[in-house]
Protein chains: 2
Amino acid sequence: MGDSVTSRALALLGAFDGENRSLCLTELARRAGIPLATAHRLVGELHRWGALAREPGGDYVIGRRIWQLGLLAPVQSGLTQAASPFLHDLYGTTLATVHLAVRDGLEVLYVERLAGHVSVPVVSRVGSRLPMHATGVGKVLLAYAPEEVRLEVLQNLTRITAYTVTQPARLLDQLRRVRAEGYATTGEEMSLGACSVAVPVRNGETVVAALGMVVPDLRRQLPRLVSALQVAAHGISRTLAGPASVEWK
Amino acid sequence: MGDSVTSRALALLGAFDGENRSLCLTELARRAGIPLATAHRLVGELHRWGALAREPGGDYVIGRRIWQLGLLAPVQSGLTQAASPFLHDLYGTTLATVHLAVRDGLEVLYVERLAGHVSVPVVSRVGSRLPMHATGVGKVLLAYAPEEVRLEVLQNLTRITAYTVTQPARLLDQLRRVRAEGYATTGEEMSLGACSVAVPVRNGETVVAALGMVVPDLRRQLPRLVSALQVAAHGISRTLAGPASVEWK
DNA sequence: AATCCTCTTCCACTGAGTGGAAGGTGCCAG
DNA sequence: CTGGCACCTTCCACTCAGTGGAAGAGGATT
C-alpha cells in the first residue's frame with residue numbers, strides 16, 4: 001500500500017516543494033524512495049502526459065497540465081474567483097498585503113495573496129501552510145473550527161517569536177474575543193515587525209475562509225482596517241451565495 | 001502503453017475539465033475508459049493522497065494537493081509572480097481586462113487574468129486555451145514563434161466570427177507588422193464587441209509571454225494603451241532577468 | 001585517462017494489479 | 001410496499017504489467 005505503482009507515481013510528484021521546484025531524476029528517485037530504474041520509467045510516463053516538464057538543463061519541474069488541473073480545484077475556482085475583485089479593492093484602498101486563507105487540517109493554507117512592490121516582512125506564500133495560532137487568519141479560522149480541531153491545536157502551541165501566544169488559556173480567551181467582536185489580531189507573533197488583522201468569510205452560516213491583512217503597526221488605524229475587511233468579506237459572502245456563481249462563457 | 005497503471009491514474013485526473021469540475025465515480029470511470037472496479041481502487045488511492053477530494057454529495061473534485069503542486073509549476077512561480085504587480089498597475093491605470101499568456105503547442109494558454117467587476121465579453125479564463133490567430137496575445141506569440149509552429153498554425157485558420165482572419169497571406173502580413181511595430185491588435189476576431197492589443201514579454205532576447213488587454217473599441221486610445229502595455233512588459237522583463245528573482249523567505 | 005556523476009536500456013522473474021461477478025445501499029415511481 | 005435502476009463497494013483467482021539489478025553510454029571534473 002505504501003508502494004503501489006500509483007502511490008509511487010504520486011510520491012514522485014510529492015517530491016517537489018517550495019524549496020525544490022526543479023529536481024534531477026536521481027534526486028527525484030532518492031526523495032521518493034524509489035529505485036532509479038523504476039523512477040526513470042515512471043517519470044517518463046508523467047512527463048509524456050504533461051504532469052512533469054523538463055527544464056533547459058534537463059531537470060524536471062511540475063508541468064503545465066498539473067497547473068491547469070489545479071485551477072479546477074474548488075479552492076481556486078469557487079472561493080478565489082469570488083474573492084478576487086474584492087481583494088483588489090481592498091488592496092487599492094489600504095495598500096497593505098492582503099490574504100485569503102482556508103483551514104486545512106490543523107494549519108492555515110494561503111489561497112490568495114496580494115502584495116505591493118515593497119512590503120512588510122511577510123512569511124506567507126500562496127499555497128503555503130502556517131500554524132494557526134500565530135497568524136491573524138489562523139486565529140479566525142481556529143475560532144470557528146470544530147471543537148476537536150481547536151483542542152488538538154491547543155496541545156501544540158509552538159513558539160515562533162518572543163510574542164507568540166503559547167499558553168492555551170490565553171489563546172482560548174483570544175478566540176472567544178474573536179467570536180464576540182468579529183475580528184482577530186496578531187502583533188509580531190509570526191515574524192517581527194509584522195502585525196495583522198483578519199475577519200471571517202462566510203458562505204451562508206458557516207465560515208469557509210478568512211480574509212487578512214498584514215501591516216507594520218495597527219494601533220492607529222485598527223477600526224478603519226477592520227471595517228474595510230468586513231466590507232470586503234461581506235462582498236465575498238454575497239458573491240458566494242449569489243446567483244449560481246457567475247459563469248464565464 | 002495507453003493503459004499502464006500510471007497512465008490510467010492520469011487519465012482519471014484528466015477526466016476533469018472546465019465544464020466538469022466534479023464527477024461521480026461511475027462517470028469518472030466512463031470518461032477515463034476504465035472498468036469500474038479498477039477505477040474504484042485507483043480513485044481511492046488518489047483520494048487518500050489528496051489528489052482528489054470528495055464533495056458533500058460524494059462526487060470527486062480535484063484536491064488541494066494538486067492545486068498546491070500547480071503553484072510550483074514554472075508558469076506560476078516565475079512568470080506570474082514577476083508579472084503580478086505590473087498587471088495590477090496596468091489594470092489600475094486602464095481599467096481594462098488584462099491578460100498574460102504563453103504559447104503551449106499551437107494554442108495560447110492564459111496564465112493570468114485581471115478583470116473588473118463588469119467587463120467586455122471576454123472568452124478567456126486562467127488555464128484555458130484559445131487559438132492563436134484570433135487573439136491579440138496569440139498573434140504576438142505567433143509572430144515570435146519558431147517557423148515550424150507558424151506554418152502549422154497557418155494551415156488551419158478556423159473562422160470564429162465574421163472578422164476572424166482566415167487567409168494565411170493576410171495573417172502572415174499582420175505578423176510581419178507585429179514584429180516591426182512591437183504590438184498586435186484584433187478587432188472582434190474572437191468575439192463580437194471585443195477588441196484587443198498585446199505586446200511581447202521578453203526574458204533576455206527570447207519572447208516568453210504576451211501581455212494583452214481587451215477593450216470595447218481601440219481607435220481612440222491605441223497609442224496610450226500600447227505605451228502602457230510596453231511599460232508593463234519592460235517592467236516584467238526586468239524582474240525576470242533581475243537579481244535571481246526575489247525570493248520570499 | 002581515470003574517476004565520479006547522472007541518465008538510459010535490457011530482460012527474466014513474480015507478485016501487484018486486474019476486472020467480472022455478486023452484494024449493498026439509496027432513490028424514485030407505480 | 002415492491003420492483004427497478006443507478007451508484008458504490010468488496011472479493012479473489014489468474015496473469016501480465018511492473019520490477020530493479022546490472023551493464024553500458026554520456027559528460028563533467030580532477
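Letters go in sequence order (proteins before strands), and every chain restarts at 1.
Residue-to-nucleotide proximity on DNA chain C shows that, of Thr6(A) and Arg54(A), the 5′-proximal contact is made by Arg54(A). Of the residues near DNA chain C, Val5(A) and Ala37(A), the one whose nearest nucleotide (by heavy atom distance) lies more toward the 5' end is Ala37(A).
For the side-chain contact (heavy atoms from CB on, under 4.5 Å) test with Val153(B), the passing option among Glu148(B), Met132(B), Arg103(B) is Met132(B); the others fail. Here the options are Val102(A), Leu211(A), Leu79(A), Leu100(A), the test is side-chain contact (heavy atoms from CB on, under 4.5 Å), and the partner is Glu112(A); only Leu100(A) passes.
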| task | Apply the test salt bridge (Lys or Arg N to Asp or Glu O under 4.0 Å) to residues Asp59(B) and Arg54(B): give CA-CA distance (whole Å), side-chain angles for both, the deciding distance (0.1 Å), then the verdict. | result | CA-CA 6 Å; Asp59(B) 286 3; Arg54(B) 306 197 76 159; over 6 Å; no
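Rounded to whole Å, the distance from CG on Leu25(B) to C1' on dG19(C) is 14 Å. For Leu36(A) and dG20(D), the CG to P distance is 12 Å, given to the nearest whole Å. Spacing between atom CG of Asp59(B) and atom C1' of dG26(C) amounts to 15 Å, rounded to whole angstrom units. The distance between atom CZ of Arg48(B) and atom P of dT9(D), rounded to the nearest whole Å, is 12 Å. Look at CZ on Arg30(A): it is 12 Å from P on dC7(C), rounded to the nearest Å. Taking atom CG of residue Leu42(B) and atom P of nucleotide dT10(D), one finds them 15 Å apart after rounding to whole Å. Going from atom CG of Leu28(B) over to atom C1' of dT9(D) covers 16 Å, rounded to whole Å.
Taking the centre and axis of the six-membered ring of Tyr144(A), the NZ or CZ atom of Arg202(A) falls inside the cone set by 45° and 6.0 Å.
Between His40(B) and dC8(D) there is no side-chain N or O to OP1 or OP2 distance below 4.0 Å. Taking side-chain N and O atoms only, Arg41(A) has no distance below 4.0 Å to OP1 or OP2 of dG18(D). Distances shown here put a side-chain N or O of Arg8(B) below 4.0 Å from the OP1 or OP2 atom of dT18(C). At dT18(C), none of the side-chain N or O atoms of Thr38(B) fall inside 4.0 Å of OP1 or OP2 (strictly under the cut-off). At the phosphate of dC7(C), OP1 or OP2 sits under 4.0 Å from a side-chain N or O atom of Thr26(A).
Counted by atom type alone, Glu45(A) and Ser4(B) present one or more donor-acceptor pairs between their side chains at under 3.5 Å.
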